[in-house]
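To start, the structure under review is shown below, and the notes come after it.
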Amino acid sequence: MDQQQADWLALYTEEPVDPAQEICDPHHHLWDFPTDRYCLEELRADTGAGHNIVSTVFIECTAGYRADGPEAMRPVGETEFVLAQAIESADTEGSEIKGIVGLADLTLGADVAEVLEAHIEAGGGRFKGIRHATAYDPSPDVRRSHTRPTPGLMGEPSFREGFAQLGRHDLRFDAWLYHPQITELVDLAHAHSDVLIVLDHLGGPLGVGPYAGRRDEVRAEWRRSIIQLAECPNVSVKLGGIGMTVYGLDWHHQPTPPTSDALAEAWGPDIEFCIGQFGVRRSMFESNFPVDRRSTGYTVLWNTFQKLTADYSPDERSALFHDTASAFYDL
């Protein structure tokens, strides 16, 4: 994080709404890039800022790849990179990185099994699943995933063949896509009902490029697709990603960061809609840090979620903040 962003985030802070609520953060990244660093020290600064974050799950982000060897095996280096920090997190005070989700190229078909087995071995019992991001839109103004997906990837025979290997290895699938692609995920989920799937970041309701200024129209299309997806019992949803700039709310362009009340007002209807469709046992709050840090601070983000669920029962809150994620990833 550069100094300008740090100074901007410091312009508005909050105290935790409910510092006692146990939280599993099922979606964060770690990286040590030339221009940015977010490793255990930085994660601990966020998770230790007041909320009761007891466990976390790392999600792939192209960090720590092997510099040589077979191309398909290079992402295993990320699992090795994260495991070292996960072990340290277990041996020191603070939240523990209990799960690791890596990348494997599912278009390898049945041959991806070798990569999956290498991840599992490298993960030291913490490797839980794969995210092969498929986020694609034909508009040049909408950024594609780092995996360089092609249109209709989830329906390709090679991808489906590789996806089937997840079920054979008892691995989960994190689905990162944009809202026009949710129906493709519905078809995939029906075809592979033995694989547990979680939809990342509310299903990517776009608000940039050709989708800018059309939030009501996007929301209507997104809701129709969410209803279909929620009918698949093997699919859960992550309630987060609300700070992503691709959603077009431009929090990062405001003079000061948004309050938790402002975030709750903007995203409350969509989050509540997802909970209504999936239920608390298939819904989990996520931070998506440090990506969502472009729009808000970690404590403000979790305050948003706690305010949105103020009228929920203790069991429902426990599910949304901890139990659903812990069960889904078998932590």
Any side-chain donor near an acceptor of the partner, D25 and Y298, under 3.5 Å: yes
Stepwise side-chain contact (heavy atoms from CB on, under 4.5 Å) check, L30 with L40: CA-CA 7 Å; L30 298 171; L40 182 60; 5.6 Å; no
Nearest heavy-atom neighbours spanning I226 and L202: CD1-O, 4.3 Å
Test of ring centre spacing under 6.0 Å for Y211 and H179: yes
Show me the donor-acceptor pairs, under 3.5 Å and distance only, between side chains in residues 250-259 and residues at least two apart or in other chains.
residue : atom : partner : partner atom : Å
Q254    : NE2  : D250    : O            : 3.4
T259    : OG1  : D261    : N            : 3.4
T259    : OG1  : A262    : N            : 3.0

Residue pair W302 / S287, side-chain heavy-atom distance below 4.5 Å: yes
Cluster check I227, I182: I/L/V/M/F/W/Y, side chain < 4.5 angstrom: yes
Near-ring test H190/H192, centroid separation under 6.0 angstrom: no
Under-4.0 Å salt bridge between D187 and R160: yes
Whether W222 and F273 hold their rings parallel, tilted or perpendicular, with breakpoints at 30° and 60°: tilted
L308 side chain reached by E272 side chain, heavy atoms, under 4.5 Å: yes
From CA spacing to verdict: side-chain contact (heavy atoms from CB on, under 4.5 Å), I130, E60: CA-CA 8 Å; I130 290 295; E60 63 86 26; over 6 Å; no
Parallel, tilted or perpendicular: ring planes of F33 versus W31, cut at 30 and 60 degrees: parallel
Of all pairs that satisfy salt bridge (Lys or Arg N to Asp or Glu O under 4.0 Å), the ones with a partner from residues 288-302, not counting sequence neighbours: D36-R293
Lys/Arg-Asp/Glu bridge criterion (N-O < 4.0 Å) met for R44, E41: no
Exam field: side chain H132 to backbone D105, donor-acceptor pair closer than 3.5 Å: no
Trace of the side-chain contact (heavy atoms from CB on, under 4.5 Å) decision for K128 with I100: CA-CA 6 Å; K128 302 299 180 179; I100 300 173; over 6 Å; no
Heavy-atom check, side chain of Y38 versus side chain of D32, under 4.5 Å: no
Closest contact, heavy atoms only, G167 versus D194: CA-OD2, 3.7 Å
Side-chain donor-acceptor pairs under 3.5 Å in residues 112-127, sequence neighbours left out?
residue : atom : partner : partner atom : Å
E117    : OE2  : H169    : NE2          : 3.0
H119    : ND1  : T79     : OG1          : 2.8
H119    : NE2  : L103    : O            : 2.8
R126    : NE   : I97     : O            : 3.1
R126    : NH2  : E96     : OE2          : 3.1

Smallest separation among heavy atoms of H29 and N288, with atom names: NE2-OD1, 3.3 Å
Contact check, side chains of N303 and H51, non-hydrogen atoms, under 4.5 Å: yes
Under 3.5 Å: donor-acceptor pair, side chain of S236, backbone of L199: no
For S139 against P210, the heavy-atom pair lying closest together: OG-CD, 3.2 Å
K238 bridged to D174 by N-O distance under 4.0 Å: yes
Pair S193-N234, side-chain donor/acceptor within less than 3.5 Å: no
Closest heavy-atom pair and its distance - A319, R281: CB-NH1, 3.5 Å
Centroid-centroid under 6.0 Å between F305 and F321 rings: no
Side chain to side chain, R215 and P205, heavy atoms closer than 4.5 Å: no
Verify same cluster id: W8, L301 (apolar side-chain graph, 4.5 Å): no
Side-chain donor or acceptor of E316 paired with backbone N/O of S313 under 3.5 Å: yes
Flag side-chain contact, heavy atom, 4.5 Å: R219 against D270: yes
Side-chain donor-acceptor pair present, S260, T304, cut-off under 3.5 Å: no
Ion pair R172/D170, N-O distance below 4.0 Å: yes
Which residues share a side-chain hydrogen bond (donor to acceptor under 3.5 Å, both in side chains) with T134, sequence neighbours left out: none
Pair E80 + R66: basic N to acidic O under 4.0 Å: yes
ILVMFWY cluster, M244 and L177 together (side-chain gap under 4.5 Å): yes
Lys/Arg-Asp/Glu bridge criterion (N-O < 4.0 Å) met for R131, D200: yes
Salt bridge R317-D18, side-chain N to carboxylate O under 4.0 Å: yes
Which residues share a ring pair (Phe, Tyr, Trp, His ring centres under 6.0 Å) with W176, sequence neighbours left out: Y178, H201
Residues clustering with L196 (ILVMFWY side chains joined when closer than 4.5 Å, directly or via others): V57, I59, V101, V198, M284, F328, Y329, L331
Hydrophobic cluster identity match, F278 and V280, side-chain contacts under 4.5 Å: yes
4.5 Å side-chain heavy-atom contact, D111 and E161: no
Between D46 and H28: side-chain donor-acceptor atoms closer than 3.5 Å: no
Audit row: F163, T107, side-chain contact (heavy atoms from CB on, under 4.5 Å) steps and yes/no: CA-CA 8 Å; F163 192 89; T107 65; over 6 Å; no
Hphob cluster co-occupancy, V17 + Y12, side-chain heavy atoms under 4.5 angstrom: no
Validation row: Y247, L206 side chains within 4.5 angstrom (heavy atoms): no
Under 3.5 Å side-chain donor-acceptor pair for Q21 and N52: no
